[in-house]
Amino acid sequence: MSNPSSSYNGPERVFSGIQPTGALHLGNYLGALTKFVALQHTHECIFCVVDLHAITMAQDPDKLRANTREAAATFIAAGLDPKKAIIFVQSAVPAHTELTWIFNCTARMGWLERMTQFKDKAGKDKERASVGLFDYPVLQAADILAYKATHVPVGEDQKQHLELSRDIAERFNRQYDAPGFFPLPEPLIKGPGARVMSLKDGTKKMSKSDPSDLSRINLDDDADTIARKIKKARTDPEPLPSDTGGLAGRDGAANLVGIYAALAQTSDQAVLDEFGGQGFGVFKPALAELAVSTLAPVSEKLRTLKADPAQIDRILHDGAARAQAIADPIIKEVRKTVGFWGAD
Ligand code: AMP
Ligand code: TRP
């Protein structure tokens with residue numbers, strides 16, 4: 001994982017975040033969590049529950065607190081080891097908000113106005129969206145760069161935000177005549193599962209905010225619920241094709257094949273080699289069995305962890321202290337670079 005586009009020569013470091021806005025789902029698992037788990041063995045990793053991002057949309061305070069612990073528990077249930085990777089909550093480390101302000105003065109209005117996620121989330125009436133929602137990608141850049149992270153595992157939907165983070169890093173380095181001060185962080189997106197779609201509409205991404213619970217598989221769903229949701233997934237009456245070209249225009253079918261491939265850690269074509277010519281009456285039960293056998297240990301561990309919130313809190317306190325120890329000297333350097341009083 002080299003980083004040729006920057007003169008940055010610091011160590012490689014991985015950072016990513018997930019919002020505590022409800023139970024994590026199969027899209028989070030395949031697009032993000034499985035990558036986090038693999039990277040903890042090869043890299044210094046920092047994984048964050050981004051509650052500051054969550055409040056860009058209205059949140060109930062008690063639910064936010066519960067969702068924050070639940071997201072952290074899901075990280076661990078999915079296989080993150082808090083002794084290896086740093087797991088913490090964004091609002092516990094002030095570096096994120098401080099660097100956001102500084103980056104607000106580096107990022108340009110025009111850059112943020114192009115962000116498609118803001119347009120989607122703000123909807124028709126963008127005058128009523130919070131300023132925080134508009135600023136969301138700047139906070140994300142601050143998350144990453146407060147640790148000088150070089151690599152960011154995310155799903156496909158975060159590609160544009162990562163490009164903005166690189167633009168901010170590059171502009172800051174130029175603006176303050178500090179070449180190589182910040183790395184230009186590389187997104188790690190590739191692989192099956194980078195874009196898991198809704199089970200009810202294969203043209204929309206699987207999302208926590210979809211009002212239909214049948215649209216997603218939650219990581220705390222039990223085996224029966226998982227099987228039922230897969231059975232009810234929207235597909236078409238045709239049998240599966242024998243090659244991937246035959247999935248064109250068949251969004252529901254393509255999504256289920258993609259989910260199977262990601263869970264089995266193989267390719268779409270390998271799935272079609274096995275199931276081409278078969279109908280969904282055969283394929284859906286096979287997918288349900290694979291999904292249940294992969295996710296059952298995760299939901300079981302999640303249940304155990306949720307029964308012991310004090311343990312989660314200990315992990316999060318420890319994680320925040322370790323994260324802060326990395327961010328503090330970086331923020332000190334930033335203050336000096338920007339010219340703030342008392343930092344020289
Ligand atoms: P969020 O739930 O929006 O905070 O997303 C957390 C992580 O999960 C990010 O890396 C997203 O790109 C990823 N993610 C969310 N939804 C999906 C999806 N449907 N397919 C793949 N990755 C996803
Ligand atoms: N915006 C990301 C999402 O919703 C979450 C996020 C916040 C993030 N800060 C980050 C991801 C930093 C990667 C790096 O999916």
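Sequential numbering from 1 along the given sequence is applied to the chain's residues. Both counts, for ligands and for their atoms, begin at 1 and track the order of listing.
The N/O atoms of S16, backbone and side chain alike, include none that comes under 3.5 Å of an N/O atom in ligand 1. Taking any N or O of I18, backbone or side chain, none lies under 3.5 Å from an N or O belonging to ligand 1. For the pair V154 and ligand 1, the shortest N or O to N or O distance does not fall below 3.5 Å. Ligand 1 has an N or O atom lying under 3.5 Å from an N or O atom of D157, backbone or side chain. Backbone and side-chain nitrogen or oxygen atoms of N28 are examined, and one is located within less than 3.5 angstrom of a nitrogen or oxygen of ligand 1. The shortest N or O to N or O distance between M206 and ligand 1 is under 3.5 Å.
Counting only N and O atoms by type, the side chains of D243 and Q269 include no donor and acceptor under 3.5 Å apart. Residues D51 and N67 have side chains that never bring a donor and an acceptor to within less than 3.5 angstrom of each other. A donor-acceptor pair shorter than 3.5 Å cannot be found between the side chains of Q59 and T21. E186 and H151 form no side-chain donor-acceptor contact under 3.5 Å, judged by distance and modelled atom types alone. In summary, the side chains of H53 and Q140 do not present any donor paired with an acceptor at a separation below 3.5 Å, with no hydrogens or angles considered.
Here K208 has side-chain heavy atoms under 4.0 Å from ligand 1, and that is the only part of it that gets that close.
Going from atom NZ of K83 over to atom CG of D318 covers 10.0 Å, rounded to the nearest 0.5 Å.
Residues L188 and L39 form a side-chain contact, since some pair of their non-hydrogen atoms from C-beta on lies under 4.5 Å apart.
Within the set G17, A194, S207, the minimum heavy-atom distance to atom 21 (C) of ligand 1 is found for A194.
The shortest heavy-atom distance from H25 to ligand 1 is under 4.0 Å. S198 does not count as a contact of ligand 1, since none of its heavy atoms falls under 4.0 Å from the ligand.
Heavy-atom contacts of G31 reach the following atoms of ligand 1: 21 (C), 22 (N) (cutoff under 4.0 Å). For ligand 1, the atoms closer than 4.0 angstrom to any heavy atom of Q158 are 12 (O). Less than 4.0 angstrom separates some heavy atom of A32 from each of these atoms of ligand 1: 7 (C), 8 (O), 10 (O). Every atom of ligand 1 with a heavy atom of G193 under 4.0 Å away is listed here by number and element: 21 (C). Within ligand 1, counting atoms from 1 as listed, the ones closer than 4.0 Å to a heavy atom of R195 are 20 (N), 21 (C).
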Where does ligand 2 get N/O contacts under 3.5 Å from the protein, atom by atom?
| from | atom 1 | to | atom 2 | distance (Å) |
| --- | --- | --- | --- | --- |
| ligand 2 | 1 (N) | Y136 | OH | 2.7 |
| ligand 2 | 1 (N) | Q140 | OE1 | 2.8 |
| ligand 2 | 1 (N) | Q158 | OE1 | 3.1 |
| ligand 2 | 4 (O) | Q19 | NE2 | 3.2 |
| ligand 2 | 4 (O) | Y136 | OH | 2.9 |
| ligand 2 | 9 (N) | D143 | OD2 | 2.7 |
| ligand 2 | 15 (O) | Q158 | NE2 | 3.2 |

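By the ring-ring contact (aromatic ring centres under 6.0 Å, His included) test, H25 is found to be paired with no residue, residues two or more places apart in sequence or in another chain being considered.
No option in K204, R216, K200 other than K204 meets the salt bridge (charged side-chain N to carboxylate O under 4.0 Å, His left out) test with D210.
Protein heavy atom nearest atom 23 (C) of ligand 1, with residue, atom name and distance: G27 O, 3.4 Å. With hydrogens left out, the protein atom closest to atom 4 (O) of ligand 1 is Q19 N, 2.9 Å, a heavy atom. Given atom 9 (C) of ligand 1, the protein heavy atom at minimum distance is G155 N, 4.1 Å. In terms of protein heavy-atom proximity, atom 19 (N) of ligand 1 is nearest to V196 O, 2.7 Å.
F181 carries K148 over the face of its six-membered ring, with the cationic atom under 6.0 Å from the centre and within 45° of the normal.
A tilted orientation is assigned to the rings of F172 and Y176, their planes being inclined by 30° to 60°.
Few gaps surround CD on Q278; more than 12 heavy atoms of other groups in view lie less than 6.0 Å from it. The neighbour count for E333 CD, taken as heavy atoms of other residues, nucleotides or ligands under 6.0 Å away, is above 12. In this structure, K126 places its NZ atom where only 12 or fewer heavy-atom neighbours from other residues, nucleotides or ligands lie under 6.0 Å away.
Ring-centre distance between Y147 and F182: not below the 6.0 Å cut-off.
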